[in-house]
Student: 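Mind having a look at this structure? Questions to follow.
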Protein chains: 2
Amino acid sequence: MVERHEPTSREKILEVAEALFARSGFAGVGLRELADRSGLGKSSLFHHFRSKGHLYLEVLRTVLERIQERLAPVIRSQSGPAEKLPAWVEALIDALAEHPNSARLLLRALFEDDDFPEDLEPQAQEVEGIVMSILGTYQAIVQQGIDLEIFQPVSVTDATQTMIGATVYHFASGEIGEAVTGGPIFAAAAIQRRRREVVHFLIGGLTADPTH
Amino acid sequence: MVERHEPTSREKILEVAEALFARSGFAGVGLRELADRSGLGKSSLFHHFRSKGHLYLEVLRTVLERIQERLAPVIRSQSGPAEKLPAWVEALIDALAEHPNSARLLLRALFEDDDFPEDLEPQAQEVEGIVMSILGTYQAIVQQGIDLEIFQPVSVTDATQTMIGATVYHFASGEIGEAVTGGPIFAAAAIQRRRREVVHFLIGGLTADPTH
DNA sequence: GTCTATAGTGAGATAGAC
DNA sequence: GTCTATCTCACTATAGAC
């Protein structure tokens with residue numbers, strides 16, 4: 001059972017900030033809009049967060065940790081790569097689908113080389129560390145599958161980049177993604193289909209004979 | 001032979017703006033930095049472009065048209081889907097690799113639902129139209145392959161989303177991408193390998209028996 | 001913990017001389 | 001076609017009352 005409670009101001013700010021940063025990126029968000037939508041004055045934000053940068057990195061960390069939690073049981077499981085890889089990908093997709101802001105924020109964390117002031121280098125490196133740690137668990141599964149000759153000897157790093165693109169981009173793709181797919185991205189049926197298709201593609205790529 | 005000439009101010013601005021918008025997005029770029037790097041005063045920018053938004057959309061259009069030109073001969077060719085699809089993907093990758101800013105700008109155009117003032121709605125819609133037109137040519141190839149029973153009856157729209165992720169994300173992924181792959185992304189050898197791996201994955205996904 | 005007031009900076013954009 | 005000067009506005013952040 002989930003405990004219900006009125007969100008604290010801090011929680012409310014983080015919730016609103018997550019949506020705004022996902023939509024517009026770090027530079028595209030003004031603290032005025034954030035304050036208004038949080039039901040607070042602009043200055044009150046600084047009681048909860050030292051700066052806009054600190055807030056942004058805290059939002060990123062929260063999103064990444066949510067994803068990590070989803071993946072943890074899969075990583076802990078003792079099954080072989082043939083079962084573990086689909087389970088990993090499906091868990092990631094579920095995590096991205098559960099919270100529509102996650103994919104966009106994750107995508108921004110992945111491809112935007114933000115240059116933060118040095119007083120929050122520690123937070124920035126923590127975020128990058130979580131990203132690399134998550135990706136490391138995927139690479140380990142692919143590598144294990146290759147070692148066991150269950151998968152073809154593909155480039156592990158390219159397989160990882162392809163997996164990121166296939167999962168994260170799709171759920172970040174917004175209006176254009178919906179124009180391409182011809183329907184909502186976050187509807188339950190669409191998520192189900194995407195899970196099937198991505199797993200099919202990735203397994204197909206990992207197992208197809210290179211001499212087609 | 002390419003004609004060499006000193007770039008006009010307009011060309012110089014577009015060139016600098018392309019790099020800056022790719023790095024920091026629309027909101028993250030200031031006209032002062034753009035002017036300085038172009039060797040002009042801030043006000044001079046407004047002689048060439050009506051507003052920052054007009055400039056941004058012109059940059060996007062230029063990048064997209066460059067990609068379109070690369071794809072045109074492939075689309076015109078009369079070969080079947082089994083040859084045309086790899087050729088299409090390789091042409092896209094070549095286009096993205098040729099100009100390191102292209103992938104990031106294209107990615108931004110794809111997933112950022114920018115909300116521009118209405119006086120440049122026409123330009124925004126033109127950009128979106130080019131994107132959809134490009135994607136349409138890929139979907140047509142996939143659909144044709146399915147109709148000819150060369151490809152498995154996968155979801156065409158999901159195949160398209162996966163292709164975008166596998167191509168565009170990789171070349172947009174910057175520092176983290178280089179950390180994942182363990183080397184430069186735009187080195188000739190890395191590009192070659194990426195071409196091979198992506199084509200292998202996509203063909204694998206399109207031809208693998210769904211009952212693995 | 002929230003507010004008003006404001007500092008201090010830089011943004012995008014315009015006017016008009018040259 | 002480029003410049004200086006300037007306008008107006010929004011921004012992040014701080015000070016200090018309540």
Side-chain angles (χ1 to χ4, degrees), chain A residues 5-60 108 112 114-124, chain B residues 5-60 105 108 112 114-124 127:
Chain A
H5 58 90
E6 283 297 294
T8 64
S9 288
R10 196 191 145 82
E11 286 165 348
K12 183 68 187 170
I13 294 167
L14 282 168
E15 179 192 319
V16 174
E18 185 184 307
L20 292 183
F21 284 134
R23 188 198 64 190
S24 308
F26 178 72
V29 175
L31 295 187
R32 170 135 83 149
E33 182 180 6
L34 173 57
D36 288 349
R37 297 208 191 204
S38 306
L40 290 171
K42 236 187 349 170
S43 310
S44 305
L45 302 178
F46 290 90
H47 176 77
H48 299 280
F49 301 95
R50 254 183 297 183
S51 74
K52 186 187 175 186
H54 283 87
L55 171 58
Y56 181 64
L57 289 173
E58 182 136 344
V59 167
L60 281 189
R108 291 189 186 280
E112 286 178 344
D114 299 292
D115 203 28
F116 291 108
E118 59 175 318
D119 67 309
L120 35 78
E121 261 308 307
Q123 281 90 324
Chain B
H5 57 91
E6 283 297 295
T8 64
S9 289
R10 196 191 144 82
E11 286 164 347
K12 184 68 188 170
I13 294 168
L14 282 168
E15 179 191 320
V16 174
E18 185 184 307
L20 292 183
F21 284 134
R23 188 197 65 188
S24 309
F26 178 71
V29 174
L31 296 188
R32 169 136 81 151
E33 181 180 7
L34 173 57
D36 288 348
R37 297 205 192 207
S38 306
L40 290 170
K42 227 182 11 160
S43 308
S44 304
L45 302 178
F46 291 89
H47 176 78
H48 299 281
F49 302 94
R50 254 183 297 181
S51 73
K52 186 186 174 187
H54 283 88
L55 171 57
Y56 182 64
L57 288 173
E58 183 135 346
V59 167
L60 281 190
L105 285 164
R108 292 189 186 280
E112 285 178 346
D114 299 291
D115 202 28
F116 291 108
E118 61 175 314
D119 67 308
L120 35 77
E121 261 308 306
Q123 282 90 325
V127 163

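Order of the sequence lines fixes the chain letters, A, B, ..., with proteins taken first and strands second; residue numbering starts at 1 for each chain.
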Student: When you compare the protein's N or O atoms with those of nucleotides 8-11 of chain C, which come within less than 3.5 Å of each other, and at what distance?
Tutor:
none

Student: Measure from CZ on Arg10(A) to C1' on dT2(C) and round the result to the nearest Å.
Tutor: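 Those two atoms, CZ and C1', are 17 Å apart.
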
Student: What is the separation between atom CG on Leu45(B) and atom P on dT4(D), rounded to the nearest whole Å?
Tutor: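 Whole-Å distance recorded here is 13 Å.
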
Student: Between dA5(D), dA13(C), dG1(C), which nucleotide has the shortest distance from any of its atoms to the side chain of Phe46(B)?
Tutor: dA13(C)

Student: Does Ser44(B) have a side-chain nitrogen or oxygen under 4.0 Å from the phosphate oxygens OP1 or OP2 of dC3(D)?
Tutor: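 So the side chain of Ser44(B) is within the cut-off, an N or O lying under 4.0 Å from OP1 or OP2 of dC3(D).
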
Student: Expressed as a whole number of angstroms, how long is the span from Asp36(A):CG to dT2(C):C1'?
Tutor: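 After rounding, the reported distance stands at 15 Å.
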
Student: Not counting sequence neighbours, list each pair that qualifies as a salt bridge (charged side-chain N to carboxylate O under 4.0 Å, His left out) and has a residue in residues 18-34 of chain B.
Tutor: Glu18(B)-Arg66(B), Arg23(B)-Glu33(B), Glu33(B)-Arg37(B)

Student: Whole angstrom is fine here: how far is it from NE2 in His48(B) over to P in dA13(C)?
Tutor: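 His48(B) atom NE2 is separated from dA13(C) atom P by 16 Å.
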
Student: Expressed as a whole number of angstroms, how long is the span from Arg50(B):CZ to dT14(C):P?
Tutor: 11 Å

Student: Look at the side chain of Lys52(B) and the backbone N and O of Phe26(B), then say whether any donor-acceptor pair between them is shorter than 3.5 Å.
Tutor: yes

Student: Using only side-chain N and O atoms of Ser9(A), determine if any of them is under 4.0 Å from OP1 or OP2 of dT2(C).
Tutor: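 Yes, such a contact exists.
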
Student: Give the rounded distance in Å between these two atoms: CG of Leu55(B) and P of dG12(C).
Tutor: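 Distance, rounded to whole Å: 11 Å.
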
Student: So, under a plain 3.5 Å distance rule, would you say the side chain of Ser43(A) forms a donor-acceptor pair with the base of dT2(C)?
Tutor: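 Answer no: no donor N or O sits under 3.5 Å from an acceptor.
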
Student: Who pairs with Phe49(A) by ring pair (Phe, Tyr, Trp, His ring centres under 6.0 Å), at least two apart in sequence or on another chain?
Tutor: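 If we apply the ring pair (Phe, Tyr, Trp, His ring centres under 6.0 Å) test to Phe49(A), skipping adjacent residues, there are no hits.
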
Student: For Glu118(A) versus Pro122(A), what's the shortest heavy-atom pair and its separation?
Tutor: O-CD, 4.0 Å

Student: Can you say whether the rings of Phe21(A) and Tyr56(A) are parallel (under 30°), tilted (30 to 60°) or perpendicular (over 60°)?
Tutor: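 It falls in the perpendicular class, over 60°.
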
Student: Restricting to non-hydrogen atoms, name the atom on Phe116(A) and the atom on Ala124(A) that form the minimum distance, rounded to 0.1 Å.
Tutor: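 Looking at all heavy atoms of both residues, the shortest contact is CD1-CB, 4.1 Å.
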
Student: Map Leu40(B) and Phe26(A) onto DNA chain D by nearest heavy atom, then report which one ends up closer to the 5' terminus.
Tutor: Leu40(B)

Student: Counting only side-chain nitrogens and oxygens, does His47(A) get under 4.0 Å of the OP1 or OP2 atom of dT2(C)?
Tutor: no

Student: Look at the side chain of Ser51(B) against the base of dA13(C) and say whether a donor-acceptor pair falls under 3.5 Å; ignore hydrogens and angles.
Tutor: no

Student: My understanding is that only one of Leu34(B), Val29(B), Asp36(B) makes a side-chain contact (heavy atoms from CB on, under 4.5 Å) with Val16(B); could you say which?
Tutor: Leu34(B)

Student: Whole Å only: how far is the OH atom of Tyr56(B) from the C1' atom of dG12(C)?
Tutor: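 For the pair Tyr56(B) OH and dG12(C) C1', the rounded distance is 17 Å.
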
